[in-house]
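Here's the structure, in structure tokens; my notes come after.
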Amino acid sequence: MGRTLKFNIFRFNAEDPASVPHMDGFRLEETEAMTLFIALNRLREQQDPTLMFDFMCRAGICGSCAMMINGRPDLACHTKTKDLPAEITLLPMPVFKLIGDLSVDTGTWFRSMNEKVRSWIHTDNRFEPGEEEERMDNALAENIYELDRCIECGCCVAACGKAAMMPDKFMGATAFCRITRFMVDPRDERKSDEYFEVVGNEEGIFGCLGLLGCEDTCPKNLPLQDQLAMLRRKMGFSQIRHLFSGK
Amino acid sequence: MGAGLAGERVAVAAAVSGFDCLCLSIVPPRRSHSSAAQGGMQASLGNCAMGRGDSPDIHFADTVKGSDWGCDQEVARLFARTAPVAVREMAFWGIPWNRVVAGKGFYYKAGKKYEKIEPAERAGTITARDFGGTAKWRTCYTSDGTGHTLLYTMDSQVVRLGIEVHDRVEALALIHDGESCTGVVARCLKTGKLRVYLARATLIATGGYGKLYRESTNAVINWGDGAAIALDTGLVPIGNPEAVQFHPTGIVPTNILVTEGCRGDGGTLKDVDENRFMNIYEPEKQELASRDVVSRWMTHHIRTGKGVPGAYGAHLWLDIRHLGAEHIKTKLREVEEICKEFLDRDPVTQLIPVRPAQHYSMGGVRTDRDGAAYGLKGLFAAGEAACWDLHGFNRLGGNSLAETIVAGKIVGEKIVEFLRGGETDFKTSVVHRAVEKVRERIDAVTGSSGKENVYLLRAAMGDVLMDQVGIFRNEADLRDAVEKLQAIYERSKKIGLRSSSVHGANPELSACLRLPGMVRLALCIARGALMRTESRGAHAREDYPERNDRDWLKRTLAYWKDDRELLPVLDYELPSRVWEMPPGERGYGSIKIIASEDPGICSPRPETN
């Protein structure tokens, strides 16, 4: 304790014609159990009320506060200042459209991703209110939950070399994880070929360069590498089937 | 307004009936506070061994008792009956509910291990866990992320149906002509520009107002925007604003909740000397007394000087070390994660700093049992934002998530009926007037030469509520609180921006536009609490410790009739038209009761609907 932290924070307000992108420096006394959530709010309330950033749950659940912290994408809310050097550089995540300062538009990006991969249960069944639920093995339910834990924070996209090359196109590890969540769910009646149409291309699984920045930075420790491998294998088989069936 | 669970469930109901539906949300929908609910959702499926024999009747009775007879019994009945269908519908849409596993299993209660056997014939059905205040294990869950999976699955239906969501949009005023609501004036939080949204039906599903309090487990966006703009109309009342629930174990400093399961499994509370105290205050139930009771004693103990001093104020310790590494790493995994991630502490070897924090708003926009708001046609509310009124003066764990889904389903269908029932006239003069009023508010802030600081005023409001309208309440503190809040309200009109420029969605301007509405809500809470001279559920008056059914078996309706006033106008109504379950003892949190003398309330009646 007793450190004075020095923050270098990216600043730009696109709505202000006088604003140009630049870095601002701030100093702040470190206190016990300080997180970047506490630090950034103090900076805004005590030093610069124009500072833009996003927090919601401040508990690592909602995925609002991802940013580049000393060069790595991570959730600001669960980042403790004591784990950082006294000089802290904060930048908005790349790939996503900038709203201002540290705030980026993840909402539009993720809605579009979910539309692209059609991330909902596809079924021809109808819900029957009077009937008992379809049974499911608990181990399978837990397996689906493990893949459903993505909080759409965007860290995997910000850490992805391919997404940086194709910012509006490459789907990213979050989309592949989402797809596998539906593939393991027996309630989703889509066939392999239907998934292939969605991700079996350069914007999807075949565009992945295997750099695994996603796996390294996921704040929820999702098994992204395993999903990439599984999806690539399955989609590879689909592609071979396509070739031999002459379609 | 609001794209959390309640808002999106209503949107889905409207969309499948063929209506165009648009959700406004301050944050991207999947970031709504619904995602933070870890515990689960109550529904009397009765599948698991410890839930055998459960029924909507028992769920209804638990809910009414929990509410301390403050709820609407018709609503509680409707809710308990619909919850099992709603849970199964969510399963159909993709929730990976935890399922019954056949065979022998174990569970812990008060530190002791017990055995249970799940029969093979129920294997694979939706299972449930134990929560406080329920007669059966009834809380359906997905590991430690029930709110997350519910919200993501609900939003997957919103995406499937192509329902438009405008995120980072904040409604600042309802458009109405004194009779009908026809939409909102909103501000884009990306650009700062104003927008008009016209609608035949408008729903408020903006969640609770926990962030009025200094210490709250709520997310930072839960400042009660929906309730505030409803109150602003002067026509729509806030029901039971004084009914505010506190949770005993928020971690210090960020008030992130650690589950009741810690104490359920045998965890203890300790003070500055690392001595237990609940065994002295509550020799029988000790740490396992109800949320309210534990919160009250913790606050009392801190007041006697036994709190642990720290950079963020005094707190107490939660000790689960004696439960052992194996138990903590499996049964209390999320607690271990929160401690490590946010406190850098290992609960296997270290104490956890905790103190009570505001947790849930039972009060909200008062609606009838169809979700239609009092006072304005075409305006509806659902979920925590509403006072429907399922929870009365105390909400049971697991009933909040359940309410979002169930009320969303029911209110959504009622909105469809409303839309099919008639036409709406849109008057441009009314729209212009509403826009002008919002512009005037913005100009008043940006053009102000005032010296007040919005963040300091907001903090002052949080202090008053926490310290004087908190867990313990009494006349002297409440009177003083009302006066202090009135002074803050006056000062909120003299805020000056310190921002060098207000281009775009300036966060300080956003805070300034919100603050007066927040203080008005705070005044409703304080004034409601002052006038209610009894103790009921979460409302604990030191000077009126008895539950007074003779004089106070009624719901507060708080109106803000005039901008220039400094107090809400309070009105009262009977909490329920139907008394299927006459007022009685809750069976916990022993309290003296002054009985009602109304024969229409006191005698048991058969179900009427």
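Here is the naming used below: chain letters follow the sequence lines, and residue numbers restart at 1 for every chain.
- Both the backbone and the side chain of B/Asn98 come within contact range of chain A, judged by heavy atoms closer than 4.5 Å.
- Across B/Gly94, B/Gly504, B/Pro353, B/Ser143, the residue that shares the most heavy-atom pairs under 4.5 angstrom with chain A is B/Gly94.
- When A/Arg149, A/Arg181, A/Met56, A/Glu134 are compared by the number of non-hydrogen pairs under 4.5 Å with chain B, A/Met56 comes out ahead.
- By the neighbour-count criterion of 12 heavy atoms within 6.0 Å, atom CZ of A/Arg72 is sparsely surrounded, having that number or fewer from other residues, nucleotides or ligands.
- Side-chain contact between A/Met136 and B/Trp97 is absent, with no heavy-atom pair separated by less than 4.5 Å.
- For A/Asn125, the parts sitting under 4.5 Å from any heavy atom of chain B are the backbone and the side chain alike.
- With respect to chain B, the highest number of heavy-atom pairs below 4.5 Å among A/Ile144, A/Asp148, A/Thr50, A/Ile121 belongs to A/Thr50.
- For the atom pair B/Asn506 CG and A/Asp16 CG, the distance stands at 10.5 Å (nearest 0.5 Å).
- For B/Val165, the parts lying near chain A are the backbone and the side chain together; criterion is any non-hydrogen pair under 4.5 Å.
- Contacts with chain A were tallied for B/Lys193, B/Glu121, B/Arg345; B/Glu121 has the most, counting heavy-atom pairs under 4.5 Å.
- B/Arg88 has no carboxylate O lying under 4.0 Å from a charged side-chain N of A/Glu131, or vice versa, which leaves the two without a salt bridge.
- Heavy atoms closer than 4.5 Å to chain A are found in both the backbone and the side chain of B/Val159.
- Checked by atom type and distance alone, the side chain of A/Glu15 never pairs as donor or acceptor with a backbone atom of B/Gly192 at under 3.5 Å.
- A distance of 12.5 Å separates CE of A/Met34 from OG1 of B/Thr254, quoted to the nearest 0.5 Å.
- Taking chain B as the reference chain and counting heavy-atom pairs below 4.5 Å, the highest number among A/Arg118, A/Arg58, A/Glu132, A/His78 is found for A/Arg58.
- Listed options A/Asn143, A/Asp54, A/Asp137 were ranked by heavy-atom pairs under 4.5 angstrom with chain B; first place goes to A/Asp54.
- The closest side-chain heavy-atom distance from B/Val158 to A/Arg111 is below 4.5 Å.
- Most heavy-atom pairs under 4.5 Å with chain B: of the set A/Ile61, A/Leu51, A/Asp48, A/Asp185, this distinction falls to A/Ile61.
- Using a 4.5 Å cut-off on side-chain heavy atoms (C-beta onward), A/Pro17 and B/His503 make contact.
- Annotation: maximal heavy-atom pairing with chain A below 4.5 Å, among B/Pro84, B/Pro28, B/Ser35, B/Ser156, occurs at B/Ser156.
- Chain A forms more heavy-atom pairs under 4.5 Å with one residue of B/Ala311, B/Ser25, B/Ala86, B/Ala219 than with any other, namely B/Ala219.
- In this structure, chain B has a heavy atom under 4.5 Å from the backbone of A/Cys150, while its side chain stays farther away.
- Among residues two or more places apart in sequence or in another chain, the side-chain contact (heavy atoms from CB on, under 4.5 Å) test is passed with A/Lys80 by A/Thr35, A/Lys82, A/Asp83, B/Asp344.
- At a 4.5 Å heavy-atom cutoff, the contact between B/Val27 and chain A is made by side-chain atoms alone.
- Remark: B/Glu341 CD to A/Thr79 OG1 distance equals 9.0 Å, nearest 0.5 Å.
- Interface remark: B/Asn218 contributes backbone atoms only to the contact with chain A (heavy atom separation under 4.5 Å).
- Within the 4.5 angstrom heavy-atom criterion, no atom of B/Ala511 approaches chain A.
- Heavy atoms of B/Ser500 lying under 4.5 Å from chain A belong to its backbone as well as its side chain.
- Contact of A/Ser103 with chain B is made through the side chain alone, with heavy-atom distances under 4.5 Å.
- Applying the ring-ring contact (aromatic ring centres under 6.0 Å, His included) definition to pairs two or more places apart or across chains, those involving residues 105-126 of chain A are A/Phe96-A/Trp109, A/Trp120-A/His122.
- If you measure heavy-atom distances from A/Arg126 to chain B, the contacts under 4.5 Å come from the backbone alone.
- For the atom pair CZ (A/Phe37) and CZ (B/Phe342), the distance works out to 10.0 Å, reported to the nearest 0.5 Å.
- Contacts of A/Ile151 with chain B are made by both backbone and side-chain atoms, with heavy-atom separations under 4.5 Å.
- Only the backbone of A/Val104 comes within less than 4.5 Å of a heavy atom of chain B; no side-chain atom from C-beta onward does.
- By the neighbour-count criterion of 12 heavy atoms within 6.0 Å, atom CZ of A/Arg135 is densely surrounded, having more than that number from other residues, nucleotides or ligands.
- Between A/Thr123 and B/Phe92, some side-chain heavy-atom pair lies under the 4.5 Å cut-off.
- Side-chain contact between A/Met52 and B/Pro507 is present, with heavy atoms from C-beta onward closer than 4.5 Å.
- Nearest heavy-atom pair across B/Arg31 and A/Ser64 is CD-OG, 2.9 Å.
- Judged purely by distance below 3.5 Å, without hydrogens or angles, the side chains of A/Thr31 and B/Tyr312 pair a donor atom with an acceptor atom.
- Chosen from B/Leu456, B/Thr217, B/Val87, the residue pairing most often with chain A at heavy-atom distances under 4.5 Å is B/Thr217.
- Interface summary for chain A: among B/Arg458, B/Glu337, B/His33, B/Arg168, the most heavy-atom pairs under 4.5 angstrom belong to B/Arg168.
- For chain B, the nearby part of A/Asn13 is the side chain; its heavy atoms alone come within less than 4.5 Å.
- When heavy atoms are compared at a cutoff of 4.5 Å, A/Phe182 does not approach chain B at all.
- Separating the SG atom in A/Cys62 from the CD1 atom in B/Ile221 is a distance of 8.0 Å, to the nearest 0.5 Å.
- To the nearest 0.5 Å, atom CZ of residue A/Arg187 and atom CD1 of residue B/Ile95 are 8.0 Å apart.
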